[in-house]
Amino acid sequence: MNTAQPPPSTAVQDIDVVVVGCGPVGALAANLLGLRGVRTLVVERSTAPHGQPRAFSCDDEALRIYQQAGLLDRIVDDLHQPRRADYVNAAGRLFATIAFDEVDFGFGHAPLNFFDQPLLEQALRDGLDRFAHVELRTGTELVSLRQNDDRVHLALRDVLTGQSYAVRARYVLGCDGARSTTRTAVKIPLAGASYAEPWLAVSGDVPPEGVRGAHTTFVCDWRRPAFVSPGARGSYRLEFMLLPGETEDEMSRPERIAGLVDPYVDPSRFTVTRAVVYTFHHLVAQRWRERRVFLLGDAAHQMPPFLGQGLCSGLRDAANLTWKLPLVLSGAADPAVLDTYEAERRPHTTAMAQTSVRLGRVFLARSRRAAGLRDAVLRAAQTVPRVRRFVRHFEFKPVPAYERGLLAGGRRDGAVGTMFPQPRVGGGGSATPRLLDEVLGDGFAVIGRGLPAGLPGVSGPAVRYVEVHPAGAAVPPATGGRDGDRVDVVDVDGAISAWLRRHRADVVVLRPDRFVFAVAGSGALRRVGRDLAAALGDPEVVDQPVG
């Protein structure tokens, strides 16, 4: 990572992409762009990494994205993976459980993970050191921007010296949070609702002998709803709804915090690291793109916290956009491809937010009668095995899928548009099985048996061909290389073969973000190649013979 001083005000620096904001979403986006060779400038107003544990949880999809960014090894040791989440009433009686240790969505990682945000942000920023073509400027703020047909002209300012200077970029990613300066600069309004109930969020450290509430718990007490959970590296997180008349100053006093946390941790052993009052929102930007400027994460959407998907949704934004931008920048795809960013991400984000709102209605029953009715209904419903499994196995979480966008046919159709699983595979140059994404490279991938030498009609993006062999088969060593290469793998658990049989396919074509672009029989590869070339905006879809 280049950390040189900003250029003098008389020089105008040309950059491919400027990322505004270096929280988790901005830092991840910069890492993914760096992996793909994009000249990137990241500007962050703060002069030091955020030292407060604000965001708290991420899911298996988020870990898969960190894995694709080559950063999982820097993050995974600092995670706490809860076995379950309990929903209890005011008397502490259990009425529902999500058993995370029984849940496997097939993406290669645990379905819920708690992290320490300062450690996560440091790992993401350290990851930028891998790239000489990525620069992070802290203590730098966006003042204004204007656009013409081929550039965004930004005015930046050093917050310590007050010096302003100009930068030109092909594209700008606004990853600067709920109060986004980028969103304001391009005059995009927010729509939605803010919730009037303030909450006190308390984070701290506690030794094991000081923990009284050992499991992640939603305390659905109609008098004062709360959320409590052990966290990463000996931390503990507690959130309490404030009652009418309670103020932040009053509730943040040590004696009040001690009384609130006492049922869950020993106050004498609990060291508070953060206590802040907040309100949550369900807000979405009217649009996520203004010509060459894109909004990601909280700059584009904010949702209630009850599903733990706020940060995860921002990470998905980055994973979606950062493989499309390099294709457009290199001329391998038409700029119209970038329109699929919002078309794909908005419906899924909306579904997550709506599910979070519905979960909040369960959690936030505010009268004894409503809470009693909720408890009775949920207990009765879970006597039905299918309903109990629906709750216990977290099946109400929206699946990762795109209804329309950069897909064969343009729309979801069966497996097309869904995220491909990530089973273990053998071979691929490794003596021990590893997760599938480790052998797929960072471009498109064609997975199947009896693959041809190339995908007919595709001459633009890099494509990796993954020949799948049954368990126990001997395979040749990996061919190496990155562009249009082949690799042989063993389907250790039979998961890939089972997936292909279930979808009546011989071959599956994956996008760089591991969503399914197309499924096909071995005789339909010419059509798939033409579909991909057309989706990327190739003006001349070239017919080539199979094999």
Side-chain angles (χ1 to χ4, degrees), residues 32 35-38 68 70 319-320 322-334 337 340 402 405-409 415-422 425 427-429 435-469 475-489 491 496 499-500 503 505-547:
L32 291 169
L35 278 174
R36 295 182 168 100
V38 176
Q68 291 166 17
N320 183 289
T322 54
W323 66 266
K324 297 171 181 176
L325 279 169
L327 293 177
V328 171
L329 288 166
S330 68
D334 188 275
V337 162
T340 65
Y402 295 140
L406 206 160
L407 309 167
V416 173
T418 65
M419 180 176 277
F420 194 71
Q422 187 183 198
V425 295
L435 292 171
L436 175 65
D437 289 359
E438 298 302 313
V439 304
L440 294 186
D442 56 15
F444 286 83
V446 181
I447 302 175
R449 294 179 178 168
L451 297 178
L455 192 60
V458 178
S459 57
V463 179
R464 177 164 291 182
Y465 300 88
V466 181
E467 182 80 18
V468 179
H469 301 265
V475 301
T479 58
R482 290 174 63 86
D483 296 325
D485 63 341
R486 297 175 66 91
V487 62
D488 291 81
V489 300
D491 190 8
I496 298 175
W499 190 96
L500 291 171
H503 296 288
D506 298 316
V507 172
V508 56
V509 180
L510 303 185
R511 309 185 331 174
D513 57 2
R514 308 315 176 215
F515 282 80
V516 175
F517 174 80
V519 295
S522 57
L525 286 176
R526 185 187 306 278
R527 173 182 55 78
V528 171
R530 291 176 63 86
D531 286 346
L532 179 54
L536 294 174
D538 189 340
E540 296 183 6
V541 180
V542 181
D543 263 336
Q544 298 177 4
V546 175

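Only this structure's heavy atoms are used, side chains among them; waters, hydrogens and symmetry mates stay out. Note that the coordinates shown come from a computational prediction; the quantities given were computed from them, not determined experimentally.
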Review point. Are Phe515 and Leu406 side-chain neighbours, meaning at least one heavy-atom pair lies under 4.5 Å?
Key: no
Check your understanding: What residues, two or more places apart in sequence or in another chain, satisfy ring-ring contact (aromatic ring centres under 6.0 Å, His included) together with Phe420?
Key -> Trp499
Point to revise | Residue among Asn320, Thr340, Thr418 satisfying side-chain contact (heavy atoms from CB on, under 4.5 Å) with Tyr402 | key: Asn320
Check your understanding: Is there side-chain contact between Leu440 and Arg514, with heavy atoms separated by less than 4.5 Å?
Key -> yes
Practice item. Apply the test side-chain contact (heavy atoms from CB on, under 4.5 Å) to residues Leu329 and Val38: give CA-CA distance (whole Å), side-chain angles for both, the deciding distance (0.1 Å), then the verdict. Key: CA-CA 8 Å; Leu329 288 166; Val38 176; 3.8 Å; yes
Point to revise | Residues forming a side-chain contact (heavy atoms from CB on, under 4.5 Å) with Ala333, sequence neighbours excluded | key: Leu327, Val328, Val337, Leu536
**Study point:** Student check: side-chain heavy atoms of Val425 and Ile496 closer than 4.5 Å
**Key:** yes
Revision key, fill the gap. Across all chains, not counting sequence neighbours, the salt bridge (charged side-chain N to carboxylate O under 4.0 Å, His left out) partners of Arg511 are Glu344, Asp513
Point to revise | Shortest non-hydrogen separation from Ala518 to Val528 and the atoms involved | key: CB-CG1, 3.9 Å
Review point. Looking at residues at least two apart in the chain, or sitting in another chain, which of them share a salt bridge (charged side-chain N to carboxylate O under 4.0 Å, His left out) with Asp491?
Key: none
Point to revise | Residues that Asp506 engages under salt bridge (charged side-chain N to carboxylate O under 4.0 Å, His left out), provided they are two or more places apart | key: none
For residues 443-451, which side-chain N or O atoms pair as donor and acceptor with protein atoms under 3.5 Å away, sequence neighbours left out?
from   : atom 1 : to     : atom 2 : distance (Å)
Arg449 : NH2    : Ser497 : OG     : 2.6

Check your understanding: Roughly how far apart are Asp437 CG and Leu510 CG, rounded to 0.5 Å?
Key -> 8.5 Å
Exercise for review: Would you name the heavy atoms of Ala408 and Asp531 that are closest together and state the gap between them?
Suggested key: CB-OD2, 4.0 Å
Check your understanding: To the nearest 0.5 Å, what is the distance between CZ (Arg36) and OG1 (Thr322)?
Key -> 5.0 Å
Practice item. Measure the shortest side-chain to side-chain distance between Val519 and Val507 over non-hydrogen atoms and say whether it is less than 4.5 angstrom. Key: no
Review point. Counting only N and O atoms by type, is there a donor-acceptor contact under 3.5 Å from the side chain of Arg464 to the main-chain atoms of Val487?
Key: no
